[in-house]
Amino acid sequence: MNEQFGIREILTNHPIVPVCVEDDPARIERVMEKLEASGIHCIEITLRSAGAFEVIQKALEVRNEGFSIGVGTIISSEQVERCATLGVDFMVSPGLTSHLADAFKMAKVPFLPGVMTSSEIIAGLEYGLDTFKLFPFNLAGGEKALQTYGSVFPHVKFCPTGGVNQEIAERILQAQNVIAVGGTWMLK
Ligand code: 3PG
């Protein structure tokens, strides 16, 4: 088992990760209902709106059993601690620093840090990590980057996010180094 507290199991169970930017707690239940109706039992609520923490709290209150609630756009240790206290199921960051890696390890909550370059992947491996958000996927080189990283880092699994649509998602989910895909396309 890697040092990410079971993120691979979560992503294997939820290979489509909807990235949600929501400011109003009153709207999140409907969003989750719609996702469940289309067979998706997971959400990544981003910290990109003023009301994000209220939205997360509401989502945790109203979720059905088996629905996994993650928080995304985590960029500070304080946010990691706050999310861990709330009891979220997983955390996602667009990047990775030594401070964030330490905070994630202290929190003991499944986490998915972001990488884009070979050096960032190597830094992640040095922290004992092997599962990353490949972000922004379209700017990282898209499917060609995935293929290349697959031969350079055969044991690393990615969740490509950024510029993914249904058609791309279906195709890249077939790749041996893709464990899940993320994005906003299914919420539009
Ligand atoms: C994210 O934060 O994961 C991305 O902004 C989602 O990108 P998309 O809107 O291109 O799917």
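Keep in mind that what you see is a predicted model, and the values were worked out from it rather than measured. Both ligands and their constituent atoms are indexed starting at 1 by order of listing. Nothing fancy with the numbering, it's 1 onward along the sequence.
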With the side chain counted from C-beta on, respond yes when F90 and L112 share a heavy-atom pair under 4.5 Å apart, and no when they do not.
no

Got a second to check how far T73's OG1 is from R48's CZ, nearest 0.5 Å?
3.5 Å

Step-by-step side-chain contact (heavy atoms from CB on, under 4.5 Å) determination, V92 to V19
CA-CA 10 Å; V92 184; V19 175; over 6 Å; no

D89 side chain to G70 main-chain N or O, any donor-acceptor pair under 3.5 Å?
no

With under 30° as parallel and over 60° as perpendicular, where do the rings of H41 and F67 fit, or are they tilted in between?
perpendicular

More than 12 heavy atoms from other groups under 6.0 Å of NZ on K157:
yes

Could you pull out every protein residue that has a heavy atom closer than 4.0 Å to ligand 1, ordered by chain and then number?
V19, R48, K133, F135, T161, G162, G163, G183, T184

